[in-house]
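Atom set for the values below is all heavy atoms of this structure, side chains included, hydrogens, waters and symmetry mates excluded.
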Amino acid sequence: MELKLQEEKKRDDAVLVGLRSPVLREDNADEESMAELAALVETAGGRSVGMILQSREKPDPHSFIGEGKVEEVRRMVQEEKATMVIFDNDLSPSQIRVLTELMGVQVIDRSGLILDIFAQRAKTKEGCLQVELAQYQYLLPRLIGMWTHLERQAGTSGKGPIGSRGPGETQLETDRRHIHRKIDKLKEELEEVRRVRGTQRQRRMKNEIPVVAIVGYTNAGKSTLLNAITGAGIPANNRLFDTLDTTTRLLTVSDTLDVVISDTVGFIRKLPHQLVEAFKATLEELEYADLLLHVIDASNPQWRQQAQIVENLIRELKADHIPCIRVYNKCDLAFSGDFAKEEDAVSISAKTGEGIDKLMELIDGKLDKGTRRVTLHLPYDKTGLLDSIYREGKVESVEYGATVDVVAICTPRLLGQLKDYIEGWVEEKEDWE
């Protein structure tokens, strides 16, 4: 039993490697991204036993980090008895194959690790479909690297005799066809999920319920905030990517405002592009949102860079025209004096509840569509108007006396139709009047 536990522990020990180079731009590794990679390994259920950050003018096309550094990593793997090397950069299929051969242990890159975490975390059918699609899209270009040794053996380089198509190429084509079929099927199933969600969204729009979407860097406290304001009971753990599936709840912001509020998957730097594509269905809620709450972990020294990454992704998803409130979270752990001065910003602690009331006021102000609570006295020959009030407003009480007395929350359109029967109604004057 003890031996088995040791084996399990050993399997998850990883050496982390990153390359810093001016030509890599966004895929560059640095101290912060390496620390984030270590947190991702922790989230995946492993642990990092060593870290090497290499600086080079440009990546080595063969071994990415250069033969000397490969030898250094290989020695560290042996000393630490690690069984995996994880790169903070994206590697080509041939580089993964070469590095695996040279180091004698499994080599994966950051995208492969993130996909693995997503596969562990996805719960709903939609989440699982999205992860599976992203995994197949990630795997497809890597098939060539996986099968080249068989191609070489069978002489499929074009230099062998006619008719000697080897098992490598045949297997590669079969696998590729199979994966293309799987990808097409998954896309169809995802389209169906989106269609159902589109129908639900149309129903919400018909009922004129505004949609608020919570966005932010992974682990900024989005689920904790949703729990704090709705009592949703979503698992809120101090782990990267704990929420993968969109959670939607109805929230009463004030007497006159109900909203649908959605928690979305956390953003992260260097998010694999297959995931951005596959998760468009999760993130497409943003496109139809009336308001975004951008949750920022104010206690993180990197909060500015993280906020920038989120804003760039919002722009990429064409949701940058939507009004946005910056929610500086974890103010119980950080000094929050400066944030409060910003327009459309609020400092809160989702954990302690501090600042939640101010956030609700801001949401109410942003989504105020002129809805008001009024008391109506309808003559009995006008009771047909009740249908409109039920359909377009929110009826709180109806009493039958000399007139039909109704307390309801009405939209501006209803107020215009019913003004003759509203108690104490005063026509609002325009600024120029």
Side-chain angles (χ1 to χ4, degrees), residues 32 35-36 39 210-243 247-269 285-286 289-315 319-368:
E32 285 82 38
E36 197 168 78
V211 176
V212 177
I214 304 178
V215 296
Y217 205 76
T218 184
N219 213 28
K222 298 182 296 299
S223 297
T224 311
L225 173 62
L226 191 63
N227 287 345
I229 56 183
T230 65
I234 304 148
N237 302 310
N238 188 21
R239 284 192 309 208
L240 301 178
F241 292 127
D242 215 55
T243 304
T247 309
T248 304
R249 293 281 179 276
L250 192 67
L251 168 68
T252 300
V253 176
S254 67
D255 292 348
T256 58
L257 180 65
D258 282 342
V259 301
V260 169
I261 190 157
S262 300
D263 185 14
T264 59
V265 63
F267 296 179
I268 193 165
R269 78 182 87 191
E285 284 292 309
L286 301 191
D290 298 282
L291 177 66
L292 302 181
L293 300 184
H294 178 181
V295 181
I296 298 165
D297 177 359
S299 69
N300 190 312
Q302 297 290 312
W303 71 264
R304 280 186 182 82
Q305 290 92 315
Q306 293 182 351
Q308 192 58 55
I309 287 159
V310 173
E311 278 160 19
N312 292 347
L313 268 166
I314 288 172
R315 204 171 301 119
D320 48 333
H321 62 283
I322 299 164
C324 181
I325 295 173
R326 278 188 158 210
V327 182
Y328 290 98
N329 190 24
K330 308 189 187 180
C331 70
D332 52 323
L333 304 174
F335 174 69
S336 57
D338 297 341
F339 307 139
K341 296 181 191 127
E342 247 182 81
E343 199 184 343
D344 295 334
V346 60
S347 285
I348 66 151
S349 167
K351 206 170 177 186
T352 66
E354 186 188 335
I356 297 285
D357 293 349
K358 177 85 170 63
L359 173 62
M360 292 299 193
E361 279 172 34
L362 267 177
I363 294 172
D364 195 27
K366 279 278 177 195
L367 295 174
D368 179 20

Return a table of donor-acceptor pairs under 3.5 angstrom between the side chains of residues 320-327 and protein atoms on other chains or two or more places apart.
{"from": "Arg326", "atom 1": "NE", "to": "Glu311", "atom 2": "OE2", "distance (Å)": "3.4"}
{"from": "Arg326", "atom 1": "NH1", "to": "Tyr328", "atom 2": "OH", "distance (Å)": "2.8"}
{"from": "Arg326", "atom 1": "NH2", "to": "Glu311", "atom 2": "OE2", "distance (Å)": "2.5"}

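- Contacts classified as salt bridge (charged side-chain N to carboxylate O under 4.0 Å, His left out) and involving residues 291-303 (residues at least two apart or in different chains) are given here: Asp297-Lys330.
- Counting heavy atoms from C-beta outward, Leu293 and Ile363 have side chains that approach closer than 4.5 Å.
- The distance from atom CD1 of Ile296 to atom OG of Ser347, rounded to the nearest 0.5 Å, is 9.5 Å.
- Atoms CD1 and CD1, on Ile214 and Ile261 in that order, are 4.0 Å from each other to the nearest 0.5 Å.
- At least one side-chain heavy atom of Leu225 sits under 4.5 Å from a side-chain heavy atom of Leu359.
- Taking the side chain to side chain contact (heavy atoms under 4.5 Å, CB included) definition, one finds that Asp357 meets it with nothing, sequence neighbours left out.
- For the atom pair His294 NE2 and Asp344 CG, the distance stands at 13.5 Å (nearest 0.5 Å).
- Note that CG of Leu313 is 11.0 Å distant from CD of Gln308, once rounded to the nearest 0.5 Å.
- Applying the side-chain hydrogen bond (donor to acceptor under 3.5 Å, both in side chains) criterion to Glu361, with sequence neighbours excluded, gives no partner residue.
- Applying the side chain to side chain contact (heavy atoms under 4.5 Å, CB included) test to Gln302 and every residue at least two apart in sequence or in another chain returns Glu32, Arg269, Asn300, Gln305, Gln306.
- The two residues Ala228 and Ala350 come nearest to each other via the heavy atoms CB-O, 3.5 Å.
- Formation of a donor-acceptor pair under 3.5 Å by the Asp290 side chain with backbone atoms of Leu367 is not found in this model.
- Pairing each heavy atom of Tyr217 with each of Glu36, the nearest pair is OH-OE2, 2.6 Å.
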